[in-house]
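Computed from heavy atoms alone, side chains included, the values below leave out hydrogens, waters and symmetry copies. Nothing here was measured: the structure is a model prediction, and the numbers come from that model.
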Amino acid sequence: MVNKLELAPSILGGDHSMLAESVARISREGLSWVHVDVMDGHFVPNLSFGPGVVAAISKKFPGMFYDVHLMLDNPNLYVKSFADSGASLISIHGEPDYPVAETLDEIHLLGKKSGVVINPDTPVADAAAYFPKVDLVLVMSVQPGFGGQSFNDSALQKIAMLKKMREEMKLGFRIEVDGGITAQNVGAAVAAGADTIVAGTAFFKNPSSLKAAMGI
Ligand code: DX5
Ligand code: ZN
């Protein structure tokens, strides 16, 4: 495997009245990645966390790696505030109409790692031009917007395709999968080539069985 296997629990799946406890739980499980789902009510039909939340948790738990997934129509207007808030990696979708390549460059100029996200209806090829610019490619295995949905198997082919393209293009980006991950299907995602696993519902329900299924 090119990259070390990481589990990135999504705090969207934890108790929102105790966000600090969700991050503490992730840390107690010996993990460092914290996946933060940011939604604007336009690109996806839901609202979640803003930069203030990232600032508060990253101040309280400075040793964690904040993997911020922006589900916004205009992420270019917000990357600076998330970078200033303590994000470690900022992922943006390629689907909305805004300057995607320039925004990925801006994330690096801000000193952060960058990612591009591929929705279930978006072909992998549509994002390929961005691969040389990113540290991570995120494959959505559900329609973004809500936790607790079922894993869409078509993500497995996309992950395998990305792994092949990464080799052919001689790149090293991480391959992350997000949505409906459980102890039952995580093995298939890893076998296909995913090295970064997002899990909300399954992690907060039973972290040990998910970790055991991943062999971490
Ligand atoms: C969906 C989010 C996911 C979601 C994962 O828009 O991007 O990160 O919270 O949650 P589960 O693991 O419950 O599908
Ligand atoms: Zn996410």
Side-chain angles (χ1 to χ4, degrees), residues 5-19 22-23 25-26 29 31 33-50 53-54 66-73 75 89-96 115-124 126-127 136-163 174-214 216:
L5 184 60
E6 296 283 356
L7 173 57
S10 166
I11 56 170
L12 191 71
D15 182 338
H16 291 203
S17 73
M18 311 192 291
L19 288 175
S22 293
V23 182
R25 178 97 185 267
I26 295 168
E29 291 295 335
L31 303 169
W33 281 56
V34 178
H35 186 81
V36 185
D37 286 304
V38 177
M39 306 178 184
D40 67 353
H42 291 272
F43 180 62
V44 290
N46 198 6
L47 295 160
S48 58
F49 315 117
V53 167
V54 177
Y66 293 94
D67 169 31
V68 176
H69 174 192
L70 299 184
M71 286 163 269
L72 312 176
D73 264 344
L89 183 151
I90 301 175
S91 289
I92 57 177
H93 280 256
E95 293 89 4
V116 67
V117 193
I118 302 175
N119 263 347
D121 299 334
T122 303
V124 168
D126 283 17
L136 174 149
V137 178
L138 168 51
V139 175
M140 290 307 301
S141 37
V142 298
Q143 292 294 347
F146 299 92
Q149 306 181 70
S150 301
F151 185 83
N152 184 336
D153 278 333
S154 67
L156 296 175
Q157 284 96 61
K158 285 183 165 176
I159 292 168
M161 194 184 297
L162 275 171
K163 189 182 171 191
R174 282 184 166 274
I175 301 175
E176 184 174 51
V177 59
D178 183 3
I181 290 285
T182 62
Q184 286 68 45
N185 62 26
V186 71
V190 173
D195 50 42
T196 313
I197 308 293
V198 176
T201 309
F203 173 81
F204 286 101
K205 210 167 133 196
N206 192 340
S208 332
S209 67
L210 191 58
K211 281 165 59 189
M214 288 174 67
I216 61 168

Do [X] and [Y] have side-chain heavy atoms sitting under 4.5 Å apart?
| X | Y | result |
| --- | --- | --- |
| D37 | D178 | yes |
| P45 | F146 | yes |
| V117 | T122 | no |
| L5 | I197 | yes |
| I26 | F203 | yes |
| L70 | V68 | yes |

Hey, is the main chain of [Y] close enough, under 3.5 Å, to the side chain of [X] for a donor-acceptor pair?
| X | Y | value |
| --- | --- | --- |
| T182 | A202 | no |
| T196 | E6 | no |
| K158 | M140 | no |
| N119 | D121 | no |
| E176 | V198 | no |

Distance (rounded to the nearest 0.5 Å) between [X] [atom1] and [Y] [atom2]:
| X | Y | atom1 | atom2 | value |
| --- | --- | --- | --- | --- |
| T201 | N206 | OG1 | CG | 12.5 Å |
| D195 | R174 | CG | CZ | 5.0 Å |
| L12 | H35 | CG | NE2 | 8.5 Å |
| L162 | Q157 | CG | CD | 12.0 Å |
| L136 | S91 | CG | OG | 5.0 Å |
| S150 | I181 | OG | CD1 | 12.0 Å |

Looking at [X] and [Y], what are the two nearest heavy atoms and their distance?
| X | Y | answer |
| --- | --- | --- |
| A183 | S209 | CB-O, 3.8 Å |
| P9 | L31 | CG-CD1, 3.8 Å |
| S141 | G179 | OG-O, 2.7 Å |
| G145 | M71 | N-SD, 4.1 Å |
| A199 | L210 | CB-CD2, 3.5 Å |
| V186 | A213 | CG1-CB, 3.6 Å |

- Pair V177-F151, side-chain contact (heavy atoms from CB on, under 4.5 Å): steps then yes or no: CA-CA 10 Å; V177 59; F151 185 83; 4.0 Å; yes

- Query: Could you go step by step and tell me if I11 and V36 meet the side-chain contact (heavy atoms from CB on, under 4.5 Å) rule?
  - Reply: CA-CA 6 Å; I11 56 170; V36 185; 4.2 Å; yes

- Task: Using a cut-off of 6.0 Å, state whether more than 12 heavy atoms not belonging to K163 lie near its atom NZ.
- Result: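 No, because the 6.0 Å sphere around NZ of K163 holds 12 heavy atoms or fewer from other groups.
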
- Check against side-chain contact (heavy atoms from CB on, under 4.5 Å), N185 and L156: CA-CA 10 Å; N185 62 26; L156 296 175; over 6 Å; no

- Step by step, would you call V124 with V137 a side-chain contact (heavy atoms from CB on, under 4.5 Å)? CA-CA 10 Å; V124 168; V137 178; over 6 Å; no

- Query: What is the ring orientation for H69 with H93, classed by angle as parallel under 30°, tilted 30 to 60°, or perpendicular over 60°?
  - Reply: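 If you compare the ring of H69 with that of H93, the planes turn out parallel.
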
